[in-house]
Amino acid sequence: MPSAKYNHQEIEQKWQTYWLENKTFKSEIDPSRPKYYVLDMFPYPSGDGLHVGHPEGYTATDILARYKRMCGFNVLHPMGWDAFGLPAERHAVRTGEHPAVITNKNCENFKRQIQALGLSYDWDREINTTDPKYYKWTQWIFQVLFERGLAYQAEAPVNWCPALGTVLANEEVKDGKYVETGDPVERRMMKQWMLKITAYAERLLEDLDELDWPEGIKTMQREWIGRSEGADVNFTVDGSGEQFTVFTTRPDTLFGATYCVLAPEHPLTRRIATAGQRAAVDAYIEAAAKRSAQDRMKEDREKTGVFTGAYAVNPVNGALIPIWTADYVLAEYGYGAIMAVPAHDTRDHEFARKFGLPIIEVIHSDGADVQAAAWVGDGTLVNSGFASVEEIASEQRARLAVIWNDPENAPTINGLSVPEAKRRIAAWLETQGLGTGTVNYRLRDWLFSRQRYWGEPFPLITLDDGTVKAVPVKDLPIVLPELTEYRPTADGQPPLARATEWVDTTDPETGQPAKRETNTMPQWAGSCWYYLRFCDARNDHQAWSQEAESYWMPVDLYVGGAEHAVLHLLYSRFWHKVLYDAGFVSTKEPFTKLFNQGMILAYSYQDAAGKYYYPNQVEQRDGQWVVKQTGAPVTSQIEKMSKSRYNVVNPDDVVRDLGADSMRLYEMFMGPLDRDKPWTEEGVQGVHRFLRRAWAVFVAEDGALHPKIVETGGESAPKKVLHHAIKAVTTDIDEMSFNTAISRMMEFVNEATRASKLDREDAEKFVLLLAPFAPHMAEELWERLGYTKTLAYEPWPECDESLLTEDTIDIAVQVLGKLRGLVRVPVDAPKEQILAAAKAEPNVQRHLEGKTIVKEIYVPGKLVNLVVR
RNA sequence: GGGCGAGUGGUGGAAUCGGUAUACACGACGGACUUAAAAUCCGUUGCCCGCAAGGGAUUGAGGGUUCGAGUCCCUCCUCGCCUACCA
C-alpha cells in the first residue's frame, strides 16, 4: 500500500537505490546522439565533509544534465576527487598513518553525502587523483611536457613557507602569506622544477576571446597574463664594459630618463657599485633579501633605494645618468632593471622627489606640471631630439660614437604624438643596434615542485652525471613509497628523501645507478586534466582513447567557484594546449562555457563582546535580536559560513529533516545562481511546503492517485498555467535562471491545488517538468501515475503555443505616461478600435477633460499612451 | 590606488527589446480546523492620503535623453569581490 504522506526519507532512499542498481545514469559513446558534457569542479574531500556551498553548483549542473537527457542528449556527467593535498599530509605527520587512509575515508564520506542529494552522476567514471591508476597518467602528461622542453629545472627565487616546509607557487601567496593557512612566506633561492607556461602566454591570451566565460574571469586571466608591448633598450655602464637591458612600455620617453634602477637581486648591482658606495649597496641588498614579501607589500611603503655610484649612458643623447638600486624594481619582471622617467611615471616621480633626482618633461600637455606630479597621459613630444649630430655636446657625442651603429643618424621625435614617437624611436633603436620592440608578460613560469609527500612523484631519474631522463611509460606509475615518518628530514630534505631504497634506483635502459626526484607535483597537477580522464576513466592502456576524447570533448558547461578564476583554469588551459600541440586532444580549449556560482552566506549573531551565538540560541523580540536565555542584545549580520561564526548549515541535517529535493530546490530558488545569497531556515521550509503541496495535488489522503486527476479535464485553468510554465521553465533552464523556473512551477501547483479537475496528461507533463529539480519526488509520482520505468529519459514536455494565446487582452492606457486605466479588447482589434476604447475609458476621460491630444502612442498588445496639452 | 559586480517592499528576489514596477516565496496580520499548540487550509499585505471611487510619491542620490526609464547617458554615494610598485 503506497503511503499517503510525503515521506521524503523513504522516497529518496528508494530512488537513489534504484538509480544506482540500474545504473540509470551510465553514459556510453553513442555517435547517433548529440553529446552534452556538463562538469562540476571536483572537490577536495576535506575532513569537514560537504558544506551547503558544494550542492549549489552540483544541483545546477544536475538540473542541466537531467534536462539535457530528456531533450535527447547523450550526457556525460561525472564526479571525482581532487584528493592530494596538505591536510591529509599534516594528519599523516601527526599520526604516522598513511595519508591514503584518511583520504579514502574522506572520499567515502563525500560520496555518501553527494549520493544523498540524488545527483545523477555516472559513478562508473568516478576518479581519484591519488589513485596510482590515475596519477600514472598525470606522470605521463608531465613527460609530454618534459619531452617538449616545457619542464626544466632552475635555481629560482621561491616562496618558501617555513611552517609548511615547502615552497609555494606565486599564485598561492598573497600579502606574503600562504592563502590557505595564512602562514608567512619568505623568499629563497632553490633549485626547482618549472613549467614553461610563458611559452603559451600569447595563445592563452588570444584564445580567451572565443570562450563563453564570464567577462570578469576573462579579464582576470588577461590581467594575470599581463601582456605589455614595449621595447628592450640596452644601456652601457660608463667606464666599464658592462651592459644591461631594460624593458619599457614607454620608449618614447627615453629622453626623459634621468636615472636607472636595478633590482637589488640584479647580478650587476653589486658588481658596478663604486668603492665609495659599496658598503651602502651591500647593506641594501642584504636588507632587501631579508625583507619578507609581507614588508614589501606594506600599505604606506615609502620608496627606498641606494645610489650605486655608477652611471649609465643614455643611448639617445649620451647623457650620464646615475644607476640606483631599489626594491620597487622587481627582479622577476622584465630584466629586473628599468630606466626611470620621473616626469611621466608616478613611481619614478615619487622616487625622484624623495632622492632629489632631476625631472625632465618630454611629453607636453597643457596644464600638466611634471615637477608637481607625473603626467602619464597623452601629449606632444618635447626636449626629445636633435636636428643633427652636431647639436649634441661633444663629450656626449664621443660616448655615443662607441655605441651607435650609425653615428651620423641622430634621433628626433620632437613634436610627435605618443604612439608615433613610440614607433619612431623603436625603429631608430633597432637601426642603431640599441634595442628592439618586444612584448613582455607579467605571467611567470609555473613553479611546479613541492617538498611534500602527498603528491604525484616526478616520473624522472637523475643519473650520476646529472643527466635527467624520463622513466619509460611502461614503468609508470612511479608509486609513492611507504614511509613511517612523513616529516621533512632533519636537514630540510622533503619527506621522500627518507625512502632511500626508493630514491636509489637504476636506469632501466643502461643499468646505471640513478636517483629519483624527492619533490612531488603540486595539487594543481591532478586537476589539470581530470576532465579528459572522465571521457575514458577506466582505460588502462591510455590516459584516454582518441575515440572518447573526440566524442565527448570539449566540456560544454563547467560550473564552479570564482576562486579558481586564474589558477586552475589557467593551468588546465595550458596543459590542454600542450596536449593539443602534441596531438592528443582535438580542441584548442577545454571548457566552452564557464559559469561561476555565488557563495551561500548565512546570518550570524554576535553580542557586544563579539561572542557568536548559534541561530537557535537567539530570537527576535520587538525587532531586536536577543539571546534567548539572557535577553542580551545581539547584532545579526550576513557572513560567510564558518565554524567560528556558529552559522554553518550542514547538508546532512537538511536532507534528513526536509529531504534532498527540498535542499536542491531551495538552493536554486534562493536567487540567481551567480550571486551571493544568505541561507534562511524559513526559505527551505517554504520550498519544502511547495513540494508537499505538489504531492497533495497527486496523492489523495488514502494514498491513491488523487481523484481530481482525470483522463480529460478539457480546457482548464491549470492547463493554461502549465503551458506557460513549460515555456518559461524551458527557457529558464537554458539560461540557468533556476529561481524563476521554480516560481513558474509554484504557480502551476497553486492553480492545480485550487482546481477540481486536472487533466492526466497535464499532471504527467508537470511531473516531467519537475524532474530535473526534484528528481526523487518526480520519479515517485511518475511511478504512481502507472509507469514502471524511470522518467530520466522521457521526452521533455513541449509547450502548446496555441493554448497561450488569449481571445482578449488588457491594454494599459496611459495619459502623459501615467497609468490611468485598463481596457479589455479582442486580441486582433485594430489600432483605431483600441484607441477609441482607450479614450472612452471613464477614468481616462477624466484626465483628458479640457485637454487636447497631441500625440497617440500605441504599442501593439501592450499599451496606449495619450500625450495631451 | 586600479578592475569587476551589486544597490528594487519588513526579507530573498521578479520585471527577454525602454512599454501596466514589486511575479514567486519568506515574514507579518486576520480567519477556519483544534480542548490547546504545531501542522495544514483560506484571506489580507510595498508606502502615504482617502470610508470608497480614486489620487500622490516610489527601484541608493542628483541630473539628462524620451510620449514613456528599474532598464540608456552623465555626476556622485554605499556595499561586496578581485587586484595591487609588472616599468
Side-chain angles (χ1 to χ4, degrees), chain A residues 174-175 214-220 222-224 226-228 230 246-250 253 261 296-297 299 301 303 326-330 332-341 344-348 350-351 440-444 562-563 565-566 598-599 601 603 620 623 638 666 669-672 674-687 689-690 692-693 696 728 731-732 735 737 739-747 749-750 753-754 810-822 842-843 846-847 854-868:
Chain A
K174 204 187 133 186
D175 295 338
E215 273 311 312
I217 301 292
K218 290 210 251 185
T219 304
M220 281 164 79
R222 286 193 188 103
E223 281 171 5
W224 191 265
R227 181 183 202 275
S228 56
V246 307
F247 173 73
T248 178
T249 54
R250 298 297 303 274
T253 62
V261 185
R296 259 176 116 148
M297 299 290 176
E299 255 321 306
R301 61 224 127 129
K303 290 217 169 15
D327 68 2
Y328 83 90
V329 171
L330 307 176
E332 315 87 66
Y333 184 76
Y335 300 95
I338 62 156
M339 64 173 210
V341 185
H344 305 292
D345 181 284
T346 48
R347 297 154 299 183
D348 298 343
E350 193 190 326
F351 192 82
N440 231 301
Y441 300 91
R442 207 186 104 124
L443 184 70
R444 315 282 149 80
E563 65 272 20
V566 276
M599 233 186 311
L601 311 171
Y603 285 90
Q620 207 167 14
I638 295 168
Y666 176 57
F669 185 64
M670 290 169 85
D674 56 359
R675 228 182 286 174
D676 293 350
K677 46 217 174 263
W679 179 281
T680 64
E681 178 59 26
E682 294 78 15
V684 219
Q685 297 281 0
V687 292
R689 205 142 45 211
F690 159 68
R692 285 220 299 251
R693 283 159 60 80
T731 53
D732 285 348
E735 286 162 19
S737 306
N739 53 331
T740 50
I742 292 166
S743 67
R744 290 305 192 153
M745 292 190 284
M746 288 173 166
E747 285 175 17
V749 168
N750 289 343
T753 302
R754 276 191 288 270
D810 287 331
I811 300 286
V813 185
Q814 297 180 333
V815 178
L816 282 173
K818 281 190 193 293
L819 184 69
R820 296 302 177 191
L822 291 174
N843 197 45
R846 292 198 318 142
H847 287 90
V854 295
K855 199 168 177 184
E856 295 169 342
I857 287 137
Y858 172 57
V859 182
K862 292 268 183 193
L863 61 66
V864 168
N865 189 10
L866 303 170
V867 186
V868 297

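Throughout, a chain's letter reflects where its sequence line sits, starting with A, and its residues are numbered from 1.
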Would you classify [X] as touching base, sugar-phosphate or nothing, given that sugar-phosphate means primed atoms plus P, OP1 and OP2, and contacts are heavy atoms under 4.0 Å?
X	value
Arg820(A)	sugar-phosphate
Arg744(A)	nothing
His344(A)	nothing
Asn750(A)	sugar-phosphate
Asp674(A)	nothing
Gln814(A)	base
Phe690(A)	nothing
Leu822(A)	base
Asn739(A)	sugar-phosphate
Gly334(A)	nothing
Ser228(A)	sugar-phosphate

Parallel, tilted or perpendicular, as decided by the 30° and 60° cut-offs, for the rings of Tyr328(A) and Phe351(A): tilted
Using whole Å, report how far [atom1] of [X] lies from [atom2] of [N].
X	N	atom1	atom2	value
Tyr666(A)	rC26(B)	OH	C1'	9 Å
Arg250(A)	rA87(B)	CZ	C1'	11 Å
Glu215(A)	rG5(B)	CD	P	9 Å

Distance, [atom1] atom - from [M] to [N], rounded to whole angstrom:
N	M	atom1	value
rA14(B)	rG63(B)	C1'	28 Å
rC49(B)	rG10(B)	P	15 Å
rA23(B)	rC77(B)	C1'	30 Å
rG12(B)	rG62(B)	C1'	29 Å
rC24(B)	rG30(B)	C1'	23 Å
rG18(B)	rG27(B)	P	37 Å
rA25(B)	rU40(B)	P	14 Å
rG9(B)	rU44(B)	C1'	15 Å

Both distances below 3.5 Å, Watson-Crick or wobble geometry, any strand: find the nucleotide opposite [N].
N	result
rA23(B)	none
rC85(B)	none
rU40(B)	rA32(B)
rA57(B)	none
rG46(B)	none
rG7(B)	rC77(B)
rG70(B)	none
rA52(B)	none

Polar atom pairs (N or O), protein with nucleotides 40-42 of chain B, under 3.5 Å:
unit_1	atom_1	unit_2	atom_2	d
rU40(B)	OP1	Arg692(A)	NH2	2.9
rC41(B)	OP1	Arg693(A)	NH1	3.3

Contacts of type side-chain hydrogen bond (donor to acceptor under 3.5 Å, both in side chains), residue Arg693(A), not counting sequence neighbours: Asn750(A)
Going by side-chain hydrogen bond (donor to acceptor under 3.5 Å, both in side chains), name the residues that satisfy it together with Glu682(A), two or more places apart in sequence or in a different chain. none
Tell me which nucleotide among rA23(B), rA57(B), rA14(B) gets nearest to the side chain of Glu747(A). rA23(B)
Consider the side chain of Thr740(A), meaning its heavy atoms from C-beta on, and name the nucleotide among rG3(B), rA14(B), rG12(B) that approaches it most closely. rA14(B)
Looking at Lys818(A), I'd like to know whether one of its side-chain N or O atoms comes within less than 4.0 Å of OP1 or OP2 on rA57(B). yes
